[in-house]
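Remember, it's a predicted structure, so these values are computed and weren't measured experimentally. For the numbers below, each heavy atom of this structure counts, side chains included, while hydrogens, waters and symmetry mates do not.
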Amino acid sequence: MVQVTFYGRRSAWAARTTELSDAVHRTLTGEWGIPEAKRFHRFVLLDDTEIVAPSRGPGYLVVQIVCFSGRSHAAVRRLLHAFTDDVVPALGLPVDDLEVVVIESPPSHWGIRGMIGDELALDYRVEI
């Protein structure tokens with residue numbers, strides 16, 4: 001399971017949510033094999049005064065990825081590099097304006113569709 005939350009300025013991202021979602025999901029499907037149909041994205045778009053980010057541009061963006069634990073350090077590093085190599089240019093962002101954090105939690109700590117996460121039969125691999 002992968003849940004993505006985007007934090008950015010409404011003035012910069014409100015009209016670009018589809019473009020943003022597509023770029024990030026393309027990276028998740030390519031690097032981690034997340035199925036195309038498993039796109040769970042949320043947008044937290046704030047007024048310009050509600051984001052304090054010294055020396056960052058108006059398009060400053062934080063991407064928070066919450067997922068089942070089990071991926072190797074190498075797989076996480078590949079994903080983070082892909083954000084720099086693929087997502088940054090796709091969105092026309094300066095590299096300093098994108099921050100990505102991967103937060104892992106054991107499947108036994110998730111409740112999904114009335115089940116505990118470690119009871120689910122997933123159609124993709126978490127251990128990569």
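When every heavy atom of Met115 is checked against every heavy atom of Glu119, the shortest pair comes out as CE-O, 3.4 Å. For the pair Val2 and Cys67, the tightest heavy-atom approach, listed with the atom from each and the gap, is CG2-CB, 3.9 Å. Nearest heavy-atom pair, Leu45 versus Ala14, reported as atom, atom and distance to 0.1 Å: CD1-CA, 3.7 Å. Summarising the geometry of Pro107 relative to Ser69, their closest heavy-atom pair is CD-OG, 4.0 Å, with the distance given to 0.1 Å.
Within the structure, the ring pair (Phe, Tyr, Trp, His ring centres under 6.0 Å) test picks out no pair touching residues 82-104 (sequence neighbours left out). Within the structure, the ring pair (Phe, Tyr, Trp, His ring centres under 6.0 Å) test picks out the following pairs touching residues 22-56 (sequence neighbours left out): Phe6-His41, Phe6-Phe43, His25-His41. Among residues at least two apart or in separate chains, ring pair (Phe, Tyr, Trp, His ring centres under 6.0 Å) pairs with a member in residues 88-115 are Phe68-Trp110.
The side-chain contact (heavy atoms from CB on, under 4.5 Å) search around Asp85 returns His81, not counting sequence neighbours. The side-chain contact (heavy atoms from CB on, under 4.5 Å) check on Arg9 picks up Ser11, Ala12, Asp48, Ile51, Tyr60, with sequence neighbours excluded. With sequence neighbours left out, the side chain to side chain donor-acceptor pair (under 3.5 Å) criterion links Arg10 to Asp47.
Note that CZ of Arg71 is 7.5 Å distant from CD of Glu104, once rounded to the nearest 0.5 Å. Interatomic distance, Ile103 CD1 to Ile65 CD1, rounded to the nearest 0.5 Å: 9.5 Å. Here the NZ atom belonging to Lys38 is positioned 14.0 Å from the CG atom belonging to Leu28, to the nearest 0.5 angstrom. A distance of 12.0 Å separates CZ of Arg56 from CG of Leu93, quoted to the nearest 0.5 Å. Between Glu36 atom CD and Arg26 atom CZ the span is 9.5 Å, to the nearest 0.5 Å. For the atom pair OG of Ser108 and CD1 of Ile116, the computed distance is 8.5 Å after rounding to the nearest 0.5 Å.
Under the 4.5 Å side-chain heavy-atom criterion for ILVMFWY residues, no single connected hydrophobic cluster contains both Val4 and Val62. Hydrophobic clustering (ILVMFWY, side-chain heavy atoms < 4.5 Å, transitive): Val66 and Met1 are in one cluster.
You'll find the side chain of Leu20 reaches within 4.5 Å of the side chain of Trp13, heavy atoms only. Val63 has its side chain out of reach of Glu99: every pair of non-hydrogen atoms, C-beta onward, lies at least 4.5 Å apart.
Put simply, the side chain of Thr27 gets close to the backbone of Ala23: a donor and an acceptor are under 3.5 Å apart. Within the 3.5 Å criterion, the main-chain N or O of Glu31 finds no donor-acceptor partner in the side chain of Arg78. The backbone N or O of Ser21 sits nowhere less than 3.5 Å from a side-chain atom of Arg16 that would complete a donor-acceptor pair. Side-chain atoms of Asp97 come within 3.5 Å of backbone atoms of Gly57 as a donor-acceptor pair (strictly under, hydrogens ignored).
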Exercise. Please step through side-chain contact (heavy atoms from CB on, under 4.5 Å) for the pair Val102 and Arg77, ending with a clear verdict.
Key: CA-CA 10 Å; Val102 176; Arg77 292 179 66 84; over 6 Å; no
